[in-house]
Amino acid sequence: MSTFTGLNTMVRGVYINQLQLNTVGHNITNADTKGYSRQSVNPTATAAEYREGIAVGTGVDATSITRARDIYADVQFRSETAKEGYYDMVAKNYDKVEAIFNDTQQSGIENSLQEFYKAWQNLSTNASDSASRTAVVEKGKAFADTIETASTQLRDQIKDVYDQIEIQVTDINQLLEDIKNLNKIIITKEADGATANDLRDQRDVLVDDLSKYINVAVHENEFGAYQVTCGGITLISGVDRLHLDFAKGVNSARYGVDYGVVDYSVSIRESQVNFLPETGSLRAEFDAIAECKHYIDDLANMSAFMMTTFNDQHKQGYDLIGNTTALTDDLGNTIYGSDGKAIAVPDTKNFFGVTGEEYIYNYDDLNKYTYITIRESSGIYRKDERGEILKLTGVKLISYMNTNADFEEVGGYRYVAAASAYDNNDTYTANMSNEEMQEHLIDWGGRTADGTNAVYMSELFNMSYDNIISAGRANVNVISKYSTTQNTVNAIGGLGLNAYYKSEMTKLSVAAQAMDTNVSEQALIMDQIQNWRDATNGVDWNEELADMIKFQKGFGACSRCLSAMDDCLDRLVNNTGIVGR
C-alpha cells in the first residue's frame with residue numbers, strides 16, 4: 001500500500017468522524033425542537049485497491065445522513081390526532097350546551113317548569129283566588145321566557161361555532177399552502193440525491209397539525225413530494241393543491257331560517273363540491289351545530305305542545321266569564337249537530353299565543369320534525385310570503401309561544417280557565433266526535449271555585465298520554481285531536497312535559513359524559529403513540545453523549561495515525577539516503 005493511499009484513508013477517517021460529531025451536535029441542539037427526528041450518518045467502506053493480488057482498503061465514506069422515522073407510527077399518530085381533535089371539540093360544545101340547560105340554578109327551564117306546574121296545582125284548590133290566577137299567568141310567562149332565552153343562547157352558540165369554522169378553514173388553507181411550498185423546496189434540494197431531513201421534519205410537523213383539523217392520508221411520490229388526501233379528495237399533489245372556501249350555504253326551511261342563523265358550508269373552490277371530513281375538529285364543529293339544532297328542536301317541541309295540547313285543554317275549561325260559542329269548521333262555517341242545533345264549545349282564550357287563532361299540531365313523517373299551522377278566526381289557514389300554508393317550526397315556533405296578551409289587561413286573570421266545561425265521565429275515547437263531546441258539556445253556572453280544569457292542566461306536566469286515557473277525563477280527546485301520524489301522539493311523543501324535558505336532559509348528560517370518557521381514553525392512546533414515536537425519532541441524550549465520545553475517540557485515533565504516517569514520510573524524505581553526502 002502506498003503512503004499516499006494510507007494518508008487518504010486516514011483523511012477519510014478524520015472526515016467521517018467529524019461528520020458524525022457534527023451530526024451528534026445537531027441532534028443534541030435540536031433535542032427539544034418540535035417534530036425533530038434524530039439523524040445519523042450512514043458510513044460505508046470505500047472501494048479497495050488491488051495490488052499484487054492483495055485488496056487494500058481505502059477507508060470509509062458517508063453515503064447519506066438519514067433521519068429515524070417510523071412511517072407506521074406517523075400514520076397512527078395522524079389518525080388518532082384527528083379523533084382527538086374531534087372528541088375535544090365535541091366535548092367543549094357539550095359543556096357549553098350543558099351550561100345553557102344548567103338546572104342547578106334557580107333560573108333554568110326545569111325550575112320555571114316546576115314553578116308553572118305548582119301554580120296550576122295551587123289554582124286547582126284556589127280557583128276563585130285572583131292572586132292564584134295571576135300567579136299562573138306570571139309563571140307561564142316566566143316559563144316561555146326561559147325557553148326563549150335557551151333558544152337564543154343556542155343560536156349564539158351556533159354563530160360562534162361558524163366563526164370558529166371560518167378560522168379553521170383559514171388555518172387549513174395556510175397549512176396546505178405551506179406543505180405545498182415545502183414539497184417544492186424539497187424536490188429542488190434533493191435533486192442531486194441529498195436528503196433534506198430538516199425540511200422533511202418541518203413538513204411532517206405541518207401534516208401533524210393538519211390532522212388535528214381533518215383526517216388525512218399521506219403518500220410520498222418518487223420525487224420526495226407528499227400527496228395529501230382527505231376522504232378520497234386529493235388536497236395536495238406535489239406542487240399543486242386545492243383551496244377550501246367558507247361560503248354561505250342553503251338557507252332553506254329546515255336549515256338556517258328555522259334556527260335563526262345563517263348557515264355556512266365548506267367547499268372545494270376548484271370544483272364547488274362540498275367538503276366535510278370524516279373526523280377531526282372541523283367535522284366536530286359541524287356536528288356541534290347539528291347538536292345545537294337538535295336541542296332547539298326539543299325546545300320547539302315543548303313550545304308546540306304548549307300551543308296545541310296545552311292550549312286545547314285550557315279551551316276545554318271555563319274562565320270566570322263562562323261563555324260558550326259555536327264550533328266552526330276549517331272554512332269558518334258553523335258546525336251543527338244531528339238535532340240541527342249549533343255545536344257549542346267553551347268560549348275560552350288560548351293560554352299561549354293570540355286570541356282567535358287556532359294552533360294545529362302536525363308532524364312531517366318524511367323529514368321527522370314538528371310544525372304548527374295557524375287557523376285564523378275566519379277559518380282560513382295563515383299563508384307565508386310564498387302563498388303556502390305557514391308552518392311554524394324551530395325558533396319561529398318558540399318565539400310565538402308567549403302568554404296571551406289579553407292576560408295582561410286589567411283583570412286579565414279572569415280569562416284563566418280553572419273550571420272544567422265537561423263532566424268527568426269514564427266513557428271518553430280518543431275518537432269521540434264534537435257532537436258526542438257536546439253531550440258531556442255542562443253549564444257554567446257560576447262555578448268560580450271549580451278547579452277541575454286546573455287539575456287537568458297540571459296533569460299535562462307529569463302524566464303520560466296513556467295514563468290520561470286510562471283516567472277517562474275530558475283532556476283525552478284534546479291530546480289526539482290533531483295528531484297527523486300514528487307514530488307521534490303529540491309534539492312530545494305522548495310523554496308528560498316534565499318527563500320529556502328530563503328525558504332530553506338525561507340524553508344530553510349521558511352523551512356529554514360519554515364524550516368526556518372518550519377524551520380521557522384518547523389522551524391515553526395519544527400518549528402511547530407519542531412514546532412509540534419518540535422511541536424511534538426522539539433524541540436520547542445518553543445515547544448521543546456515548547456516540548459523541550466514540551466519534552471523538554475515532555477522530556483522535558485517525559488524527560494520531562495520520563500524524564504517525566506523516567512522521568514516517570518525513571523520516572523517509574529527510575533522513576534517509578544521506579550516506580555519501
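Worth saying up front: this structure is predicted, and the values here are computed from it rather than measured. In this chain, numbering begins with 1 at the start of the sequence shown. Excluded from the calculations below are hydrogen atoms, water molecules and symmetry mates; all remaining heavy atoms, backbone and side chain alike, are included.
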Quiz item: With no hydrogens and no angle check, do the side chains of Glu80 and Gln522 hold a donor and an acceptor under 3.5 Å apart?
Solution: yes
Quiz prompt | Gln18 and Asn22 side chains, donor-acceptor separation under 3.5 Å | solution = no
Quiz prompt | Any side-chain donor near an acceptor of the partner, Thr152 and Arg155, under 3.5 Å | solution = yes
Quiz item: Taking the inter-plane angle between the rings of Phe116 and Phe143 on a 0 to 90° scale, is it parallel (under 30°), tilted (30 to 60°) or perpendicular (over 60°)?
Solution: parallel
Quiz item: Does the side chain of Asp103 come under 3.5 Å of the side chain of Tyr501 through a donor N or O and an acceptor N or O?
Solution: yes
Practice problem: Please name the pair of heavy atoms, one in Asp61 and one in Ile16, separated by the smallest distance, quoted to 0.1 Å. | Solution: C-CD1, 3.9 Å
Quiz item: Would you say the side-chain atoms of Asp32 pair up with the backbone N or O of Lys34, donor to acceptor, closer than 3.5 Å?
Solution: no
Quiz prompt | Gln39 versus Thr66, side-chain donor and acceptor atoms under 3.5 Å | solution = no
Practice problem: Please report the C-alpha distance between Arg67 and Asp201 in whole Å, then the side-chain angles of each, then the deciding distance to 0.1 Å, and finally whether the salt bridge (charged side-chain N to carboxylate O under 4.0 Å, His left out) criterion is met. | Solution: CA-CA 9 Å; Arg67 58 186 188 137; Asp201 283 343; 2.7 Å; yes
Quiz item: If every non-hydrogen atom of Arg69 is compared with every non-hydrogen atom of Asn537, which pair is closest and at what distance?
Solution: NH1-ND2, 3.6 Å
Practice problem: Using the test side chain to side chain contact (heavy atoms under 4.5 Å, CB included), find all partners of Thr506 that sit at least two apart in sequence or belong to another chain. | Solution: Val510
Quiz item: Tyr371 and Asp364: side-chain donor and acceptor closer than 3.5 Å?
Solution: no
Quiz item: So, Gln530 versus Asp534: side-chain donor-acceptor pair below 3.5 Å or not?
Solution: yes
Self-check item: Test item: side-chain donor near acceptor, Tyr500 and Asp298, under 3.5 Å
Solution: yes
Self-check item: Residue pair Asn221 / Tyr226, side-chain donor-acceptor N/O under 3.5 Å
Solution: no
Quiz prompt | Steps toward salt bridge (charged side-chain N to carboxylate O under 4.0 Å, His left out) verdict (Arg78, Asp208) | solution = CA-CA 6 Å; Arg78 289 160 187 162; Asp208 290 347; 2.9 Å; yes
Exercise. Kindly indicate, with the supporting measurements, whether the criterion ring-ring contact (aromatic ring centres under 6.0 Å, His included) is fulfilled by Tyr259 and His294.
Key: CA-CA 10 Å; Tyr259 298 104; His294 166 76; over 10 Å; no
Practice problem: Anything under 30° is parallel, anything over 60° is perpendicular, the rest tilted; go ahead and classify Phe286 against Tyr162. | Solution: perpendicular
